[in-house]
Protein chains: 2
Amino acid sequence: MEANWINFIDHGDQHYMCDLIICNVIFGYHDKELKVLLQRPSGSPSWTLPVGFMKRTETLEEAAASIVKRRTGLDKLFLNQFKLFNSCSQYLDANINADSFYKTTGRQIPKDHWMFKPKIAVGFYTLTEFSKVTVHESGFFTDCQWWDIDRLPALLFDPGHVIDEARKSLCKHLYFYPIGYELLEEKFTYPEIHHLYERLLDRKLDERNFLKKLLSMNIIIKLKEQKKIGPHRSPYLYSFNREVYQKAIEEGVSLL
Amino acid sequence: MEANWINFIDHGDQHYMCDLIICNVIFGYHDKELKVLLQRPSGSPSWTLPVGFMKRTETLEEAAASIVKRRTGLDKLFLNQFKLFNSCSQYLDANINADSFYKTTGRQIPKDHWMFKPKIAVGFYTLTEFSKVTVHESGFFTDCQWWDIDRLPALLFDPGHVIDEARKSLCKHLYFYPIGYELLEEKFTYPEIHHLYERLLDRKLDERNFLKKLLSMNIIIKLKEQKKIGPHRSPYLYSFNREVYQKAIEEGVSLL
DNA sequence: TGAATAGTGTCTTTAAGACAGTATATC
DNA sequence: GATATACTGTCTTAAAGACACTATTCA
């Protein structure tokens, strides 16, 4: 076990908020699937959401952004603080407790140590186009990978079904604000955005009516280019009208 | 200064989350005005929102409810956790710091004491019919009173304009869920609920269309009784259809 | 009869929803 | 011409919005 990890255990509560953990649900979209980025502590059979502590000198948003950046290499992502979760008494792994620490490190840590106190989890979700991400492994977490949202592994650290709640918040968000700029590439086809919305909402959207709506709001612009997609008709490319999109983000809008 | 207060200073961080404070915006509605309940620490010229710490053994919602109950005497109120606020380095009063503690109590408290560390404020808002409340003063806070939302005094403890944010969240909430059961009396007139919504949203609502909407949704029921309101035509009383209202709370609905 | 508030109906406009056949590309 | 996907238009229905006069009560 590394020296800075031991230092963290001994003095972490001076530099980090010890009652809080930041818990990120990183959504990705690729190949017609909605995905979530999960990590696995080395040696553990179970997966967790990317979590981390918050420095006393930073804001919640900075803390969440730095955790996301550590995993994805990306910054300036859209981050949404969607919910708080009570009583997370372990932050990484049920196997991490005073006994297991003693066994693996020979260090005796008191049972009332700050690490073992109950914590509030601050849930953030974030959206990114899958292929922009280079998945980063780091230190404690040797595995890190994307999972289809409908085929998730059992999660160890999951107070109150964090992913479900994140997804619900995302859906609600979708009724008020546009989403897509973060999840799609700069230029995208109508079938892509149409499918994305169906996937996010988990229901059918009439393809003609939805397109009519998007175009009537001027939120997407039809380009002259087409995308080659193999042995089929080439779909036209669209891009977001940044001005309208930005305004919709700020003032709210209903696309549905 | 009382013994349990000193005990709190010395050992509070064992029993309370020391990185968090719970911050409540208690909205009331009475006499055509939207109001907020504020308190004033004894000796301070400035007002604050009802705040408090959270016990390590309780949930966020329990902590918020107990603070609200302490001030209003009411429980089972609708509570909505609407936002987090960064870097609240003082939780009650800028005048409370190591020096002032020494002056008033003779007790030397280290500058890195848990009370003076930066905190995250967890914002809740709650709604109640003004006249149900008996305003409770308690211990440290000798004044406690309702203020018209448009004529608030300067607030000492107000990271990020908590009341503004609470009001914004409330408005947004209003587009998705019904509100009124908590703010009106059991039986109310149409002008009352109409005015309440105008006041909450801070804009005109066509009286005919809004009534049409409420009735077509079956969310309010016209009673046979009328309310005597002085030298004018007596308005009919309405009550909420609890079944429809409850369903709307759970599933969401648009009244606007 | 004047002042203040309560109460109500119709028409217009806009948005949502349902629905299915044609077009393009490649093999 | 078979297959797979892209693309488009019209009609129906429902909801939202605009709008102004009448009713009641009391002094």
Side-chain angles (χ1 to χ4, degrees), chain A residues 31-33 174-176 178 180 184-185 187-199 201-239 244 248 251-256, chain B residues 30-33 174-176 178 180 184-185 187-199 201 203-239 244 248 251-256:
Chain A
D31 203 17
K32 300 200 168 183
E33 274 303 329
L174 223 44
Y175 281 90
F176 259 105
L184 297 167
E185 303 190 57
K187 296 172 183 178
F188 51 88
T189 67
Y190 174 67
E192 282 166 356
I193 190 173
H194 175 244
H195 189 272
L196 168 63
Y197 267 75
E198 287 196 335
R199 208 71 194 71
L201 292 165
D202 205 19
R203 68 177 171 90
K204 281 271 164 218
L205 284 175
D206 185 281
E207 54 189 337
R208 287 152 293 188
N209 295 335
F210 186 55
L211 178 59
K212 209 189 304 175
K213 187 73 186 271
L214 291 178
L215 287 173
S216 76
M217 304 186 66
N218 264 319
I219 203 162
I220 61 171
I221 300 166
K222 188 174 186 171
L223 306 173
K224 299 227 165 62
E225 312 164 57
Q226 286 165 287
K227 182 174 184 174
K228 282 269 182 297
I229 55 151
H232 308 297
R233 179 170 178 179
S234 303
Y236 279 92
L237 286 166
Y238 291 80
S239 68
V244 174
E251 297 172 13
V253 91
S254 170
L255 297 182
L256 306 173
Chain B
H30 192 73
D31 203 18
K32 300 200 167 183
E33 274 302 329
L174 224 44
Y175 281 89
F176 258 106
L184 297 167
E185 303 190 57
K187 296 172 182 178
F188 51 88
T189 67
Y190 174 66
E192 281 166 357
I193 191 174
H194 176 242
H195 189 272
L196 169 63
Y197 266 74
E198 288 196 335
R199 206 72 193 72
L201 293 165
R203 66 177 171 92
K204 282 269 164 218
L205 284 175
D206 185 280
E207 53 190 335
R208 289 153 291 189
N209 295 335
F210 186 55
L211 178 59
K212 207 189 305 172
K213 188 73 188 270
L214 291 179
L215 288 174
S216 76
M217 304 186 65
N218 265 319
I219 202 163
I220 62 172
I221 300 166
K222 188 173 186 172
L223 305 174
K224 298 224 165 64
E225 311 164 59
Q226 286 166 285
K227 182 173 184 175
K228 283 270 181 295
I229 56 151
H232 308 297
R233 178 169 179 179
S234 303
Y236 280 93
L237 287 166
Y238 291 80
S239 68
V244 175
E251 297 172 12
V253 90
S254 170
L255 296 182
L256 305 173

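Quick caveat, the model's predicted, so the values are computed rather than measured. Below, read A as the first sequence line, B as the second, and so on, with proteins coming before strands; counting in each chain starts at 1.
Taking 4.5 Å as the limit, some side-chain heavy atom of B/Met217 sits within range of a side-chain heavy atom of B/Leu255. Between B/Tyr238 and B/Leu214 there is no side-chain heavy-atom pair separated by less than 4.5 Å. Looking at heavy atoms from C-beta onward, A/Phe188 lies out of side-chain contact with A/Leu196 at the 4.5 angstrom threshold.
Atom OG of residue A/Ser234 and atom CD1 of residue A/Ile229 lie 6.5 Å apart, to the nearest 0.5 angstrom. Considering NE2 of B/His30 and CG of B/Leu184, their distance stands at 12.0 Å, rounded to 0.5 Å. How far NZ of B/Lys187 is from CD of B/Gln226: 13.0 Å, rounded to the nearest 0.5 Å. Distance check, rounded to the nearest 0.5 Å: CG of B/Leu201 to CG of B/Leu174 gives 4.5 Å.
Heavy-atom contacts from other residues, nucleotides or ligands closer than 6.0 Å to OH of A/Tyr236 number 12 or fewer. The number of heavy-atom neighbours closer than 6.0 Å to CZ of B/Phe210, taken from other residues, nucleotides and ligands shown, is above 12.
A heavy atom lying under 4.0 Å from DNA chain D marks the following residues of residues 205-216 of chain B, by number: B/Asp206, B/Glu207, B/Arg208, B/Asn209, B/Lys212, B/Lys213. Within residues 220-234 of chain A, the residues that place at least one heavy atom under 4.0 Å from DNA chain C are, in residue-number order, A/Gly230, A/Pro231, A/His232, A/Arg233, A/Ser234.
We find that NE2 of A/His195 is positioned 11 Å from P of D/dA6, with the value rounded to whole Å. Rounded to an integer number of Å, the gap from B/Leu237 CG to C/dG7 C1' is 14 Å. Between the OH atom of B/Tyr238 and the P atom of C/dA6 there is a distance of 11 Å, rounded to whole Å. In this structure, B/Tyr190 atom OH and D/dT24 atom C1' are separated by 18 Å, rounded to whole Å. In this structure, A/Lys204 places its NZ atom 16 Å from P of C/dG17, rounding to the nearest Å. The distance from atom CG of A/Leu256 to atom P of C/dA15 is 15 Å, rounded to the nearest whole Å.
Note on the helix from C/dT1-D/dA27 to C/dC27-D/dG1: terminal axis deviation equals 10°, with five pairs used at each end and the result rounded to 10°.
With hydrogens and angles disregarded, no donor-acceptor distance shorter than 3.5 Å links the side chain of A/Lys32 to the backbone of A/Arg199.
Comparing A/Ser254 and B/Glu192 against DNA chain C, the residue whose closest nucleotide sits nearer the 5' end is B/Glu192.
A/Tyr197 and A/Leu256 make their closest contact through CD2-CD2, 4.1 Å (heavy atoms, listed as atom of the first residue, atom of the second, distance).
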